[in-house]
Colleague: 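This is the structure I have questions about; it appears just below.
Order of the sequence lines sets the chain letters (A, B, ...), proteins ahead of strands, with each chain counted from 1. In this text the structure is predicted, and so the values were computed from the model without any measurement. The basis for the numbers below is simple: all heavy atoms, side chains too, and nothing from hydrogens, waters or symmetry mates.
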There are 2 protein chains.
Amino acid sequence: MDRRRATVRDLRRQNRSGLLGTLFFHGPLSRAELGARTGLSAATVSTLTAELVEDRLVVEAGQVDSDGGRPRALLRVDPGYAHVVGVDLGETGARVELFDLGLRRVATAERPMPSTRPDPADVVRSVVAAVRDLLAESGVDDLLGVGVGVPGTVEDGSRVHAQTIGWDGVPLAELLRAGGLRWPLHLENGAKTLGQAEMWFGAGAGAEHAVIALLGSGVGAMVVTDGATYRGATSSAGEWGHTTLVYGGRGCRCGARGCLEAYVGAEGILDRYRRARSGKPVPRGDDPARLAFLLDAAERSPAAAAVLDETVGYLGAGIGNLVNLFNPERIVLGGWAGLLLGARLLPRIRAATAEHALRHAFERTSIELCTLGPDAVAVGAATLPVAALLARGADPRAHRAAGGRGVLGTTASPA
Amino acid sequence: MDRRRATVRDLRRQNRSGLLGTLFFHGPLSRAELGARTGLSAATVSTLTAELVEDRLVVEAGQVDSDGGRPRALLRVDPGYAHVVGVDLGETGARVELFDLGLRRVATAERPMPSTRPDPADVVRSVVAAVRDLLAESGVDDLLGVGVGVPGTVEDGSRVHAQTIGWDGVPLAELLRAGGLRWPLHLENGAKTLGQAEMWFGAGAGAEHAVIALLGSGVGAMVVTDGATYRGATSSAGEWGHTTLVYGGRGCRCGARGCLEAYVGAEGILDRYRRARSGKPVPRGDDPARLAFLLDAAERSPAAAAVLDETVGYLGAGIGNLVNLFNPERIVLGGWAGLLLGARLLPRIRAATAEHALRHAFERTSIELCTLGPDAVAVGAATLPVAALLARGADPRAHRAAGGRGVLGTTASPA
DNA sequence: GAGCCTTAGTTCAAGTCGCGAACGAAGGTA
DNA sequence: TACCTTCGTTCGCGACTTGAACTAAGGCTC
């Protein structure tokens, strides 16, 4: 099979999709503004919007005076048209959230993981029950779809490989469906859904080429090219954390040596700090608390300052690699560790990147921090069913055709 | 501007483009086979091919018996429909080649560079004269377009930055046009055009996600995602050679430390060999000869073997980074140094890559050698006007609309 | 306040397009 | 010679976008 054929109806769907998308991301807009933005003629905008209004996807939203002519009638996507659920399946617990179509949070539920290596069946039961609770509590009885961010990679949109919780090839989509989730399911790596959220509503908004670089215990990246998430041949692209940065260097939990993650992942940073203190443990609490301690200590402790200096250098080189390879217009640093570091060190990280990236590309790249915080995995997951709706132009006939399989690889950013 | 609108005529062009593309890459084919491959109905294939035949782009190419039915009439793109010129603007000389539409070489001319830091005006004069000579000698009087591979980066499809020959922002496209090249011009980095040639006719053929990794004096990569060349925000993506592999390591000509190029670029390898021989110069000739000497010496000299061992390790780590970040289905190793190394060391390079890449992605990636040799830059450059023709579906009306500007970012591989 | 201007949005005829069905073409086979 | 199989073409149909004409709804001027 070479190419998709294009029929005259695909045209309609494509234009409907474009219209709906601009309305979603830039609305409210008048019909005239819609025409200007999409390039469609006034006639087409008129018939298409009439159709969307009849389908209850779009509603009128007030009027705006024009300079001495007929006032503009504003249109916007009706947030109440449908609801979506986003699930953040993390290593310590599941967060299940209900959103309206505008991705405003309606209700939230949290469920702890039954163990550190949980039985998929238990997790599925817990998540399905949480979804039911949310729907009952909010009086919502139908969903557009359910997006799930998982702590690992997703194969064929269905099977989950997540080393840290001991899942290897768990057919999560089927299990959730069998458990009673009868709506379209969209599975995706949690870091990628977090990145998706940043692309839609955070620091990545408007960028066509961006890399969301996430630092937590692990290190990963989500690459957006031409406005679409870059997945590679088997959806495992963006494993930035396990690129070699220090050939022959520190051992990494992946088995290799010198991975970026071993240096700028939270555990790597704290371990280097521990060694700098000659083995004395880093005091107090969990990893985030310890990293914060390190950042504070740097003001008075040369050892701590040196560890941070090194970290900035490593991170600059790692980000420089992203700049050189992907030539993005924007790099967005996030993850809980990334945000802690970035809050204090961003200017120095930028300077370190400049030392390692090629001048031309670096000068055209901005480096910023995530704006949504680490809890955005669930929103990001919830964007997936919405993205699918926008991509198919909310054509009711295309709904069944998609058959519950997610439409991936589309609309990573409001273009 | 959000999206391009789609009119009913774009439909036609799109389908025409698809048909022409499958015919170009997979022809000759019968109309029935075309329908099966493109998904178009027999009726549409019939009218579209009739149009293409009338436009003289497509010709009949014999018949094939079918099992007791009407024989298939085969169609193929007419190689004589148009000609294209590919220019390989290298550091030591320019190679100008004339091709037919099937990219069979018709004539060749070579011109040495006037100096190591040539005046753009001289180069332009020389290239334009060579093009005229080729046309006169072959009796060709019109061209579909001219593709130029340059030893540097291209900004906005027009300005060339090439450090090694001292060009910084040379408006090459305008100069060539002013010099008398009145056909559509397509400028592109030479490594990328070489990669393009491999994607169309070499080891990359058929791959949707691939990385062409090129080792010469310098080191670069061309990334193909979803069948299209990945350029990034400002067309400088793929600078693999200047990613940091050995943090704080050897100095690189780019000014940074520890770049991959400083270790696996030919100069880097030879310099390491020289040091291993305690400063004794590596004997005989130019760099390719020296590298070949090193490869031979490895069979008896432990010092040479050690240098190669290290090289394999560094290269494995570098390729592993490509695997982890891009998750390609295929990595194609080329460039003169890459081919020399690969010819003897490919199995070991694969093994070294396995040590650094994540298992999942590595197992789904094949690592192969370029099959076209280092002279394919000119063919690759010549693919650019052809790709533009295929992309616009050879619609005569779209010809003027493109206005001589190349249609880039399309059709990197026969999908 | 009547008439006119400006801007927003709708309706309609016209021109395209792809597709399914019917049909013609071209060979083999009984 | 009649029939079958496969390939390719023709034609009517429904669907699509668009420009132009037209209606809607306000401000402005005299």
Side-chain angles (χ1 to χ4, degrees), chain A residues 3-19 23 27-54 58-76 393 395-398, chain B residues 3-20 23 28-54 58-76 393 395-398:
Chain A
R3 265 161 234 259
R4 248 295 133 294
R5 77 179 192 280
T7 88
V8 75
R9 290 177 89 143
D10 297 329
L11 244 193
R12 177 73 148 201
R13 183 151 52 240
Q14 189 176 329
N15 284 332
R16 218 176 117 115
S17 167
L19 213 59
L23 217 43
L29 292 170
S30 72
R31 290 173 178 80
E33 288 164 330
L34 270 175
R37 277 180 183 268
T38 57
L40 292 167
S41 72
T44 305
V45 171
S46 190
T47 58
L48 278 178
T49 52
E51 213 177 280
L52 289 169
V53 167
E54 180 172 6
V58 167
V59 290
E60 303 236 339
Q63 296 204 335
V64 172
D65 287 357
S66 78
D67 307 334
R70 173 175 171 175
R72 287 181 266 263
L74 294 181
L75 299 170
R76 66 158 186 226
D395 184 342
R397 283 159 297 195
Chain B
R3 263 162 236 259
R4 252 290 140 291
R5 77 181 193 279
T7 87
V8 74
R9 288 176 92 144
D10 298 328
L11 242 193
R12 180 71 147 203
R13 183 150 55 240
Q14 190 177 327
N15 284 332
R16 217 176 119 116
S17 167
L19 213 59
L20 197 58
L23 217 43
L29 292 171
S30 72
R31 290 172 176 80
E33 288 164 331
L34 271 175
R37 276 181 184 268
T38 58
L40 292 167
S41 72
T44 305
V45 171
S46 190
T47 57
L48 276 179
T49 53
E51 217 176 278
L52 289 169
V53 167
E54 179 171 5
V58 167
V59 291
E60 303 237 339
Q63 295 206 335
V64 171
D65 287 357
S66 77
D67 306 335
R70 173 176 172 176
R72 285 180 266 265
L74 294 182
L75 299 170
R76 67 159 184 224
D395 184 342
R397 283 158 299 195

Colleague: Please give, in whole Å, the distance from dC16(D) C1' to Asp10(B) CG?
Modeller: 12 Å
Colleague: Identify the pairs formed between an N or O of the protein and an N or O of nucleotides 27-30 of chain C at a distance under 3.5 Å, and give each distance.
Modeller:
residue : atom : partner  : partner atom : Å
dG27(C) : N2   : Gly68(B) : O            : 2.7

Colleague: What is the distance, to the nearest angstrom, from the CZ atom on Arg16(A) to the P atom on dT17(D)?
Modeller: 11 Å
Colleague: Would you compute the distance between atom CG of Leu19(A) and atom CD of Gln14(A) and round it to the nearest 0.5 angstrom?
Modeller: 12.5 Å
Colleague: Give Ala42(B) one of three labels, base, sugar-phosphate or nothing, depending on what nucleic acid heavy atoms sit under 4.0 Å from its own.
Modeller: base
Colleague: Are Leu20(B) and Val58(B) side-chain neighbours, meaning at least one heavy-atom pair lies under 4.5 Å?
Modeller: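 Yes, their side chains come closer than 4.5 Å.
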Colleague: Please state whether the phosphate of dC19(C), meaning OP1 or OP2, lies under 4.0 angstrom from any side-chain nitrogen or oxygen of Ser41(B).
Modeller: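 Ser41(B) to dC19(C) OP1/OP2: side-chain N or O found under 4.0 Å.
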Colleague: Report yes if a side-chain nitrogen or oxygen of Arg12(B) is closer than 4.0 Å to either non-bridging phosphate oxygen (OP1 or OP2) of dT16(C); otherwise report no.
Modeller: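 No, no such contact exists.
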Colleague: What's the CZ-C1' distance between Arg13(B) and dT16(C), to the nearest Å?
Modeller: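 Interatomic distance, CZ of Arg13(B) to C1' of dT16(C): 13 Å.
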Colleague: Contact class for Ala73(B) vs. all strands (heavy atom < 4.0 Å): base, sugar-phosphate, or nothing?
Modeller: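 If one applies the 4.0 Å heavy-atom cut-off, Ala73(B) turns out to touch the sugar-phosphate alone, with no base involved.
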Colleague: Can you find a heavy atom in the side chain of Leu40(A) that is under 4.5 Å from one in the side chain of Leu34(A)?
Modeller: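 No. Closest side-chain heavy atoms not under 4.5 Å.
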Colleague: Estimate the overall bend of the helix from dG1(C)-dC30(D) to dA30(C)-dT1(D) from the end axes over five pairs each, rounded to 10 degrees.
Modeller: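 For the helix from dG1(C)-dC30(D) to dA30(C)-dT1(D), the axes at either end differ by 30°.
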Colleague: For the pair made of CG in Leu75(B) and P in dC7(D), what is the distance, rounded to whole Å?
Modeller: 13 Å
Colleague: Report the nucleotide, chosen from dT16(C), dA8(C), dG19(D), that has the shortest atom-to-atom distance to any side-chain atom of Arg9(B).
Modeller: dT16(C)
Colleague: Measure the distance from CZ on Arg31(B) to P on dA25(C) and round it to the nearest whole Å.
Modeller: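 Going from CZ in Arg31(B) over to P in dA25(C) covers 15 Å.
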Colleague: Looking at dT9(D), I'd like to know if its phosphate oxygens (OP1 or OP2) sit under 4.0 Å from a side-chain N or O belonging to Ser46(B).
Modeller: yes
Colleague: How do Ala50(A) and Leu40(B) order along DNA chain C: which one's closest nucleotide is nearer the 5' end?
Modeller: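 Final value for this comparison: Ala50(A).
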Colleague: Is there side-chain contact between Leu48(A) and Arg12(A), with heavy atoms separated by less than 4.5 Å?
Modeller: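 They are in contact (side-chain heavy atoms under 4.5 Å apart), so the answer is yes.
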Colleague: Tell me the interatomic distance from Gln14(B), atom CD, to dG18(C), atom C1', rounded to whole angstroms.
Modeller: 13 Å
Colleague: Look at the side-chain N and O atoms of Asn15(B) and state whether any lies under 4.0 Å from the OP1 or OP2 oxygen of dG18(C).
Modeller: yes
Colleague: I want to check something: taking the side chain as every heavy atom from C-beta on, are Thr49(A) and Leu75(A) in contact at a cut-off of under 4.5 Å?
Modeller: yes
Colleague: Taking CD from Glu51(A) and P from dG9(C), how many angstroms apart are they, rounded to a whole number?
Modeller: 18 Å
Colleague: Side chains of Arg72(A) and Gln63(A): does their closest heavy-atom pair fall under 4.5 Å?
Modeller: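 A side-chain contact under 4.5 Å is absent here.
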Colleague: Thinking salt bridges, do Glu33(A) and Arg76(A) make one under a 4.0 Å N-O criterion?
Modeller: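 So Glu33(A) does not pair with Arg76(A) through a salt bridge.
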Colleague: Taking all non-hydrogen atoms of both residues into account, name the closest pair between Leu74(B) and Pro28(B) and its distance.
Modeller: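 It is CB-CB, 4.1 Å.
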Colleague: What's the closest nucleotide to the Ala43(A) side chain, out of dC7(D), dG15(C), dG19(D)?
Modeller: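 Taking heavy atoms from C-beta onward, the closest nucleotide is dG19(D).
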Colleague: For dT17(D), does OP1 or OP2 lie under 4.0 Å from any side-chain N or O of Thr44(A)?
Modeller: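 Negative; the distance criterion is not met.
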Colleague: Using a 3.5 Å distance criterion without hydrogens, assess whether the side chain of Ser46(B) forms a donor-acceptor pair with backbone atoms of Ala42(B).
Modeller: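 No, the answer is negative, given that no donor and acceptor are paired below the 3.5 Å cut-off.
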Colleague: Classify Ala32(A) by what it touches in the nucleic acid, base, sugar-phosphate, or nothing, heavy-atom distance under 4.0 Å.
Modeller: sugar-phosphate
Colleague: Given atom CG of Leu74(A) and atom P of dG9(C), what is their separation to the nearest angstrom?
Modeller: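 So the CG-P distance, Leu74(A) to dG9(C), works out to 8 Å.
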Colleague: Is there a salt bridge (Lys or Arg N to Asp or Glu O under 4.0 Å) between Glu51(A) and Arg13(A)? Walk through the geometry before answering.
Modeller: CA-CA 12 Å; Glu51(A) 213 177 280; Arg13(A) 183 151 52 240; over 6 Å; no
